[in-house]
Trainee: 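I have a structure I would like to understand better, so I am pasting it below and will then ask my questions one at a time.
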Amino acid sequence: MKQLRRKFDRFCFRNRNKGIPNLMLFLALGTAAVRLLSEIDPSNSLYIWLICERSLVLSGQVWRLITWPLTYTQNGLAMTLFSLFCYWSFARGIENVWGPLRFNLFYLSGVVLMDIYCLIFGGVPSAAFLNLSLVIAYATLFPDTHILLFAIIPIKAWALALFYLVCTLIGCLKPFPLCLYPLIALGNYFLFFGSEVKRVIPVSWQINASRAVKKAKNPRNKTIPFHSAGSYQATHATVRKPYTHKCTVCGRTDVDDPTLEFRYCSKCKGYHCYCSEHISNHAHITE
């Protein structure tokens with residue numbers, strides 16, 4: 001599985017500029033247009049024409065499989081427009097790190113997963129839960145970034161992600177099949193991040209946990225007895241294990257942080273290793 005993820009990461013890195021740039025901007029503008037037209041038309045005929053229902057899709061209206069993300073709405077027009085702006089801001093930060101191709105695949109995979117679930121079990125997929133995956137993905141990439149909640153309250157990204165995770169669990173209290181839609185909507189997040197989901201935890205917690213693990217497994221001071229004629233004991237012998245991977249940018253190794261993942265850049269000349277934070281953010285070595 002790790003080899004498959006590395007190949008996928010290299011593919012996305014080589015073709016990072018392909019795909020649709022600013023995809024979330026187009027989706028936000030389209031959603032805002034649908035919401036405004038719904039305000040003008042009390043019958044909500046456009047909204048009904050775009051939602052995804054299994055019976056209608058099986059009858060030949062296959063466009064509903066890709067148009068339902070435009071039906072996102074909140075209580076009130078102003079709240080809908082404000083939340084769309086927030087989601088676009090999160091998506092822009094993710095796309096700046098990943099590139100358009102990887103972000104397009106990330107959002108499209110969430111749409112496909114919910115389409116498959118809808119066709120099997122029925123129900124109407126909601127874009128609200130799909131857009132929550134953007135918040136959690138952003139918090140995983142930038143956990144310590146400060147965000148102004150409601151444009152007033154400063155809060156860190158990881159705390160906002162935990163809040164949205166609680167909202168997701170609350171959404172699971174609905175009757176079947178609607179109860180599983182919140183979890184299915186996060187399927188793209190787990191597919192793309194894998195073991196990196198732990199990065200949503202505050203960095204300080206990770207550092208303390210990794211230090212505790214290293215201290216338990218590799219104590220620096222060991223007492224080595226020598227039962228010789230003099231009965232000598234070495235009380236300050238330091239045991240150091242050689243590292244296997246070392247990041248070319250920051251110099252961290254798998255011994256410094258056993259939970260850190262390392263990858264190799266295919267565009268750098270030679271055999272250069274980078275940690276997960278710098279594999280997509282480094283200057284390529286050409287000599």
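Throughout, numbering of the chain's residues begins at 1 and tracks the sequence.
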Trainee: Looking only at heavy atoms, what is the nearest atom pair of K156 and D144, with distance?
Mentor: NZ-OD1, 4.0 Å
Trainee: Grouping I, L, V, M, F, W and Y whenever their side-chain heavy atoms are under 4.5 Å apart, do Y47 and L27 come out in a common cluster?
Mentor: no
Trainee: Give me the one residue out of W68, F129, F176, Y117 that meets ring pair (Phe, Tyr, Trp, His ring centres under 6.0 Å) with Y181.
Mentor: Y117
Trainee: Please say whether more than 12 non-hydrogen atoms of neighbouring residues, nucleotides or ligands are located less than 6.0 Å from NZ in K18.
Mentor: no
Trainee: Against N131, only a single residue in Y87, Y164, Y107 fulfils side chain to side chain donor-acceptor pair (under 3.5 Å); can you say which?
Mentor: Y107
Trainee: Of all heavy-atom pairs between F262 and C247, which one has the smallest distance, and what is that distance?
Mentor: CE2-N, 3.7 Å
Trainee: Please name the pair of heavy atoms, one in S45 and one in D41, separated by the smallest distance, quoted to 0.1 Å.
Mentor: OG-OD2, 2.7 Å
Trainee: Minimum heavy-atom separation for P69 to V111, with atom names?
Mentor: CG-CG2, 4.0 Å
Trainee: Carefully, step by step, assess F90 and I136 under the rule side chain to side chain contact (heavy atoms under 4.5 Å, CB included).
Mentor: CA-CA 9 Å; F90 292 136; I136 302 176; over 6 Å; no
Trainee: State which residue, out of C118, P125, C52, fulfils the side chain to side chain contact (heavy atoms under 4.5 Å, CB included) condition with L65.
Mentor: C52
Trainee: Would you say the side chain of V124 lies within less than 4.5 Å of the side chain of T71, judging by non-hydrogen atoms?
Mentor: no
Trainee: Can you hop from I184 to V112 via hydrophobic side chains spaced under 4.5 Å?
Mentor: yes
Trainee: If you define the side chain from C-beta out and look only at heavy atoms, does anything of L162 sit under 4.5 Å from V166?
Mentor: no
Trainee: Does the side chain of T253 reach to within under 4.5 Å of the side chain of K246, using non-hydrogen atoms?
Mentor: yes
Trainee: Is the closest side-chain heavy-atom distance between V135 and Y189 below 4.5 Å?
Mentor: no
Trainee: Should we say atom CZ of F163 is surrounded by more than 12 heavy atoms from elsewhere, each under 6.0 Å from it?
Mentor: no
Trainee: Please name all residues satisfying salt bridge (charged side-chain N to carboxylate O under 4.0 Å, His left out) with R102, sequence neighbours left out, ordered by chain then number.
Mentor: D9
Trainee: If you compare all heavy atoms of E277 against all heavy atoms of R252, which two are closest, and at what distance to 0.1 Å?
Mentor: OE1-NH2, 3.2 Å
Trainee: As a quick check of understanding, evaluate side chain to side chain contact (heavy atoms under 4.5 Å, CB included) for Y138 and I147, giving each step before the final call.
Mentor: CA-CA 11 Å; Y138 182 87; I147 298 173; 4.1 Å; yes
Trainee: Side-chain heavy atoms nearer than 4.5 Å, only ILVMFWY residues, links allowed to pass through others: does that put M24 and I66 together?
Mentor: no
Trainee: Grab the two heavy atoms, one from T31 and one from Y72, that are nearest each other, plus how far apart they are.
Mentor: CG2-O, 3.4 Å
Trainee: Report whether W49 and I51 are members of the same hydrophobic cluster (ILVMFWY, side-chain heavy atoms less than 4.5 Å apart, transitive linking).
Mentor: no
Trainee: What verdict does the side chain to side chain contact (heavy atoms under 4.5 Å, CB included) test give for I285 and T248, after you've listed the backbone C-alpha separation in whole Å, the side-chain angles of each residue and the deciding distance to 0.1 Å?
Mentor: CA-CA 10 Å; I285 300 175; T248 307; 4.1 Å; yes
Trainee: Please report the interatomic distance OG1(T73) to CD(E39), rounded to the nearest 0.5 Å.
Mentor: 8.0 Å
Trainee: Determine whether F82 and Q74 make a side-chain contact, defined as any pair of heavy atoms from C-beta on separated by less than 4.5 Å.
Mentor: no
Trainee: Quick one: do L119 and I116 end up in the same hydrophobic cluster if we chain Ile, Leu, Val, Met, Phe, Trp and Tyr together by side-chain heavy atoms under 4.5 Å apart?
Mentor: no
Trainee: May I ask you to test the C265-I279 pair for a side-chain heavy-atom distance under 4.5 Å?
Mentor: yes
Trainee: Step by step, would you call L180 with F121 a side chain to side chain contact (heavy atoms under 4.5 Å, CB included)?
Mentor: CA-CA 10 Å; L180 293 182; F121 299 103; over 6 Å; no
Trainee: Aromatic rings F106 and W98: how do their planes relate, parallel, tilted or perpendicular, breaks at 30° and 60°?
Mentor: perpendicular
Trainee: Once rounded to the nearest 0.5 Å, what's the spacing between atom CZ of R16 and atom CD of E95?
Mentor: 9.0 Å
